[in-house]
Protein chains: 2
Amino acid sequence: MSSAARHDVYQAIADPTRRQMLKQLAEKDASIKEIAESFSVSRTAIVKHLHVLSEAKLVSDRKEGRAKIYSLQPAQLMEVKEWVSFFEQYWDNKLANLKNLVEDKE
Amino acid sequence: MSSAARHDVYQAIADPTRRQMLKQLAEKDASIKEIAESFSVSRTAIVKHLHVLSEAKLVSDRKEGRAKIYSLQPAQLMEVKEWVSFFEQYWDNKLANLKNLVEDKE
DNA sequence: TTCATATAACACCTTTTGGTTACACAAATT
DNA sequence: AATTTGTGTAACCAAAAGGTGTTATATGAA
């Protein structure tokens with residue numbers, strides 16, 4: 001898996017395991033081993049997920065002795081936040097339209 | 001593709017074509033044909049994307065004669081918004097920590 | 001040095017994705 | 001009635017995702 005920058009933020013957060021991994025890293029930096037222990041999938045699978053998150057720049061890593069420690073890098077999530085924000089006007093409009101409809105009936 | 005409820009919101013918005021389709025539907029309801037004309041992929045591919053969006057409840061459809069009209073249903077995006085919001089504290093914290101670091105050096 | 005541990009690097013398999021073409025069918029038009 | 005138009009769907013394909021397991025390498029500790 002993973003050769004070019006094939007994974008953007010949206011694809012990275014599409015997987016529930018990866019979303020959970022981000023939650024864990026939000027609390028505390030963790031090594032691959034520590035992360036793998038929190039999940040029921042294999043360590044190899046976790047490493048692959050970490051690669052995807054890394055490509056999307058949602059995590060960074062550093063070496064500490066023989067362990068590789070991952071940290072949350074939440075900045076890229078702003079892209080998602082902004083994309084979703086665009087649609088807020090529409091769900092607000094729906095509510096507004098509904099409100100108008102109700103008021104017209106009165 | 002698509003038999004059970006295999007597609008949640010996160011997976012639905014993972015694809016750039018689907019994100020663009022949502023933008024288009026935000027402006028105006030559209031038939032399958034109209035949507036397909038906006039993209040360079042086949043109508044069949046568009047229909048599949050619409051199924052994914054539909055499973056994720058991001059769009060709804062109604063029949064008008066022989067045309068099938070799709071509408072944006074943005075409510076489910078709130079889930080994403082809230083999920084992302086959780087991480088806002090961390091990117092704020094990063095800034096705060098950086099600020100403290102700078103101030104300590106002074 | 002020796003041994004255990006943490007991670008990396010492969011090879012391999014299965015399922016899912018995203019796309020295609022071809023055809024069937026229903027609704028409008030003429 | 002015949003034709004055009006919009007949609008549904010089946011069959012197929014290539015590539016990628018997600019998982020397994022095995023082996024290799026590098027680091028730390030005894």
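Below, chains carry the letters A, B, ... as their sequence lines are ordered, and counting in each starts from 1. Keep in mind that this is a model prediction, so the values were computed, not measured.
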Undergrad: Using a cut-off of less than 4.0 Å, is there contact between a side-chain N or O of Arg43(A) and OP1 or OP2 of dG21(D)?
TA: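 Arg43(A) to dG21(D) OP1/OP2: no side-chain N or O under 4.0 Å.
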Undergrad: So, for Ala14(A) and Arg19(A), which heavy atoms are closest and what is the spacing to 0.1 Å?
TA: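 In this case the closest contact between Ala14(A) and Arg19(A) is O-NH1, 3.3 Å.
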Undergrad: Partners of Arg66(A) by side chain to side chain contact (heavy atoms under 4.5 Å, CB included), sequence neighbours excluded?
TA: none
Undergrad: Can you sort out which residues in residues 21-29 of chain B have a heavy atom within less than 4.0 Å of DNA chain D? Ascending by number, please.
TA: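 Close to the strand, none.
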Undergrad: Categorize Ser31(A) for me: base, sugar-phosphate, or nothing, with a 4.0 angstrom heavy-atom threshold over every strand shown.
TA: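 Sugar-phosphate contact only - Ser31(A) comes under 4.0 Å of backbone atoms but never of a base.
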Undergrad: Taking all heavy atoms of Leu77(B) and all of Val84(A), pick out the closest pair and write down the distance.
TA: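 Residues Leu77(B) and Val84(A), closest heavy atoms: O-CG1, 3.8 Å.
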Undergrad: Just how far, in rounded Å, is P of dA17(D) from OH of Tyr10(A)?
TA: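 So the OH-P distance, Tyr10(A) to dA17(D), works out to 18 Å.
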Undergrad: Tell me, do Glu88(A) and Lys81(B) make a side-chain contact under 4.5 Å, heavy atoms counted?
TA: yes
Undergrad: Please give me the minimum heavy-atom distance between Ile69(A) and Ser31(A), naming the atom from each residue.
TA: CD1-CB, 3.9 Å
Undergrad: Tell me: CD of Glu55(B) to C1' of dT16(C), nearest whole Å?
TA: 13 Å
Undergrad: In this structure, how many angstroms lie between the P atom of dT20(D) and the NE2 atom of His49(A), rounded?
TA: 9 Å
Undergrad: Looking at Thr44(A), does any N or O in its side chain come under 4.0 Å of the phosphate oxygens OP1/OP2 on dT20(D)?
TA: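 No, outside the criterion.
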Undergrad: Could you tell me whether the side chain of Trp83(A) reaches within less than 4.5 Å of the side chain of Lys23(B), counting heavy atoms only?
TA: yes
Undergrad: Indicate whether OP1 or OP2 belonging to dA6(C) is found under 4.0 Å from a side-chain N or O atom of Lys33(A).
TA: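 Yes, Lys33(A) has a side-chain N/O under 4.0 Å of OP1/OP2 on dA6(C).
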Undergrad: Take the protein atom NE2 of His51(A) and the nucleotide atom P of dA16(D), then report the distance between them rounded to whole Å.
TA: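 Going from NE2 in His51(A) over to P in dA16(D) covers 17 Å.
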Undergrad: Find the distance Lys48(B):NZ to dT16(C):C1' and express it as a whole number of Å.
TA: 11 Å
Undergrad: Measure from CG on Leu50(B) to C1' on dT9(D) and round the result to the nearest Å.
TA: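 Nearest whole value for this atom pair: 15 Å.
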Undergrad: Both Asp15(A) and Ile32(B) contact DNA chain D. Taking the nearest nucleotide for each, which residue is further toward the 5' end?
TA: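 Its nearest nucleotide lies further toward 5', so the answer is Ile32(B).
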Undergrad: Measure NE2/His7(B) against P/dT16(C) and give the value in whole Å, please.
TA: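 Spelled out: NE2 on His7(B) to P on dT16(C) is 9 Å.
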Undergrad: For Tyr70(B) and dG6(D), give me the distance from atom OH to atom P, rounded to whole Å.
TA: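 Value for this atom pair: 16 Å.
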Undergrad: Who are the salt bridge (Lys or Arg N to Asp or Glu O under 4.0 Å) partners of Glu64(A), not counting sequence neighbours?
TA: Arg62(A)
Undergrad: For Phe86(A), check ring pair (Phe, Tyr, Trp, His ring centres under 6.0 Å) against everything at least two apart and list the hits.
TA: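 Phe86(A): ring pair (Phe, Tyr, Trp, His ring centres under 6.0 Å) contacts with Tyr90(A).
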Undergrad: List the residues meeting side chain to side chain contact (heavy atoms under 4.5 Å, CB included) with Ala30(B), not counting sequence neighbours, and say none if there are none.
TA: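 With sequence neighbours excluded, Ala30(B) shows a side chain to side chain contact (heavy atoms under 4.5 Å, CB included) to Gln24(B), Leu25(B), Glu34(B), Ile35(B), given in chain and number order.
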Undergrad: Which parts of residues 57-69 of chain B get close to DNA chain D, meaning a heavy atom less than 4.0 angstrom away?
TA: Arg66(B), Ala67(B), Lys68(B)
